[in-house]
Amino acid sequence: MICKHLWISGRVQGVFFRRSTFKRAQKIGQLSGWVKNLSDGRVEVLVAGPAEQVEQLLVYCRKGPPAARVDQLEIKSESPGENLNPFEIQ
């Protein structure tokens with residue numbers, strides 16, 4: 001079990017980035033955490049789960065949905081929390 005905290009910059013709000021990330025996390029399965037918009041225009045993601053599944057979501061977040069443009073992806077490793085709910089939109 002691993003946990004990654006992401007901050008995604010570019011054209012990532014108003015392009016269904018949160019919704020598509022949520023749907024991708026559901027499709028991958030076994031993931032906990034959340035995705036949300038930040039007031040500075042970035043999208044923030046916290047994802048925890050088996051390493052292979054987390055990596056699949058990271059690959060998706062590097063591109064996002066078709067209308068998105070990811071300019072920068074900042075990733076920080078964290079300790080997996082015990083209280084994370086199934087992946088959700090905040």
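Nothing here was measured: the structure is a model prediction, and the numbers come from that model.
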### Task
Show the numbers, then the answer: is there a side chain to side chain contact (heavy atoms under 4.5 Å, CB included) between E74 and K76?
CA-CA 7 Å; E74 183 182 340; K76 180 181 173 189; 5.8 Å; no
### Message
Using the side-chain hydrogen bond (donor to acceptor under 3.5 Å, both in side chains) criterion, which residues pair with S79? Sequence neighbours excluded.
### Response
none
### Message
Would you compute the distance between atom SG of C61 and atom CG of L73 and round it to the nearest 0.5 angstrom?
### Response
7.0 Å
Side-chain donor-acceptor pairs of residues 5-17 under 3.5 Å, sequence neighbours excluded:
{"from": "H5", "atom 1": "ND1", "to": "E78", "atom 2": "OE2", "distance (Å)": "2.8"}
{"from": "H5", "atom 1": "NE2", "to": "E44", "atom 2": "OE2", "distance (Å)": "2.5"}
{"from": "R11", "atom 1": "NE", "to": "A67", "atom 2": "O", "distance (Å)": "2.9"}
{"from": "R11", "atom 1": "NH2", "to": "A67", "atom 2": "O", "distance (Å)": "2.9"}
{"from": "Q13", "atom 1": "NE2", "to": "L38", "atom 2": "O", "distance (Å)": "2.8"}
{"from": "Q13", "atom 1": "NE2", "to": "R42", "atom 2": "O", "distance (Å)": "2.8"}

### Query
Honestly curious: do V54 and I89 fall in one hydrophobic cluster under the side-chain, below-4.5 Å linking rule?
yes
### Query
Same hydrophobic cluster for V47 and I28, using side-chain heavy-atom links shorter than 4.5 Å among ILVMFWY?
yes
### Query
Measuring from L57:CG to L31:CG, what's the distance to the nearest 0.5 Å?
6.0 Å
#### Entry: Pairs satisfying salt bridge (Lys or Arg N to Asp or Glu O under 4.0 Å), at least one member in residues 49-63, at least two apart
E55-R62
### Query
Can I2 be reached from V35 by stepping across I, L, V, M, F, W or Y side chains whose heavy atoms are under 4.5 Å apart?
yes
### Task
Scan for side-chain hydrogen bond (donor to acceptor under 3.5 Å, both in side chains) pairs involving residues 14-30, sequence neighbours excluded, and state none if there are none.
S20-Y60, Q30-Q53
### Query
Is there side-chain contact between F22 and F87, with at least one heavy-atom pair below 4.5 Å?
yes
